[in-house]
Amino acid sequence: MSDLQLSMPATLVSSDARASGNRRAPATVHLCLVVSTSPRRAQVWVRAAHEEQWATIVCNTADDAIRQSVRQRIELALVDLQSAPPPQERVLRKLVEQLAARKGPLLAVCGKPDDTLGEVWSRQLGVWMYLPGVDSQSDIALLCGEARNILTKLENLPAQAAR
């Protein structure tokens, strides 16, 4: 696998003691699966995930994504339908259906801006987020940050229930 396909967020070190007080490193590393047929969009999504301290696995085919989702403990899956040509979009939609059927990752799907039925389809599957036409790294980073917050809350539920 190339560096882009499997990567960890960089840890930045500063000699300024005050710099570390603003942002703390996460206690656990969460794994994000990025699925896109566009290398450019995949790179933007990886940078956004790393910005929010997610480790990433990048796949450009649905078959590879399924293999990785079985091998790894994926906690967030970002699937890009927007950049996929029609034959690949159909295959990626099947991937979304398979991932949604599992008890597992938070699933975010980026659809085409003019796909009026995309959100209905994704909601019927139980997709966590449907994002028509999202291109911005900051928007994806915001989504990754919110996913991290949700997973942190879910991880703390068993500890609260035991009290």
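What you see is a predicted model, and the numbers here were worked out from it, not measured in a lab.
No side-chain N or O of D64 forms a donor-acceptor pair with one of T61 less than 3.5 Å apart. With no hydrogens or angles considered, a side-chain donor-acceptor pair links S138 and S136 at under 3.5 Å.
Between A141 and A48 the shortest heavy-atom distance is N-CB, 3.5 Å. Contact between L31 and T56 at its shortest, heavy atoms only, is CD1-N, 4.2 Å. Between T37 and N60, the closest heavy-atom pair is CG2-O, 3.9 Å. Taking each heavy atom of W54 and A147 in turn, the nearest pair found is CZ2-CB, 3.8 Å. The nearest pair of heavy atoms linking P105 to A77 is CB-N, 4.2 Å. Closest non-hydrogen pair, C144 versus A49, comes out as SG-CA, 3.8 Å.
By the criterion of side-chain heavy atoms lying less than 4.5 angstrom apart, applied directly or through intervening Ile, Leu, Val, Met, Phe, Trp or Tyr residues, L33 is not grouped with V91; the two fall into different hydrophobic clusters. Under the 4.5 Å side-chain contact rule for hydrophobic residues, V127 and V120 do not share a cluster.
Between the R148 side chain and the E52 main chain, a donor and an acceptor come within less than 3.5 Å of each other. W45 places no side-chain N or O within donor-acceptor distance of the main-chain N or O of I140, the cut-off being under 3.5 Å. No donor-acceptor distance shorter than 3.5 angstrom exists from the side chain of D115 to the backbone of G111, with no hydrogens or angles considered.
To the nearest 0.5 Å, atoms CD (E155) and CD1 (I150) are separated by 12.0 Å. The line from CG of L95 to CD of Q88 is 12.5 Å long, rounded to the nearest 0.5 Å.
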Run E51 and R47 through salt bridge (Lys or Arg N to Asp or Glu O under 4.0 Å) and show every step you take. CA-CA 6 Å; E51 188 177 313; R47 283 194 305 262; over 6 Å; no

Yes or no on side chain to side chain contact (heavy atoms under 4.5 Å, CB included) for I74 and I57, after CA distance, side-chain angles and deciding distance? CA-CA 9 Å; I74 305 296; I57 297 175; 4.2 Å; yes

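For the side chain to side chain contact (heavy atoms under 4.5 Å, CB included) test, residues two or more places apart in sequence or in another chain that qualify with N149 are E146. A search for side chain to side chain contact (heavy atoms under 4.5 Å, CB included) contacts involving L142 returns nothing, not counting sequence neighbours. The salt bridge (Lys or Arg N to Asp or Glu O under 4.0 Å) search around E119 returns R123, not counting sequence neighbours. Scanning for side chain to side chain contact (heavy atoms under 4.5 Å, CB included) contacts around D114 gives K112, with sequence neighbours left out. Shown here are the side chain to side chain contact (heavy atoms under 4.5 Å, CB included) partners of R102, two or more places apart in sequence or in another chain: I66, S69, V70, L99. Residues satisfying the salt bridge (Lys or Arg N to Asp or Glu O under 4.0 Å) criterion with R73, sequence neighbours excluded, are E75.
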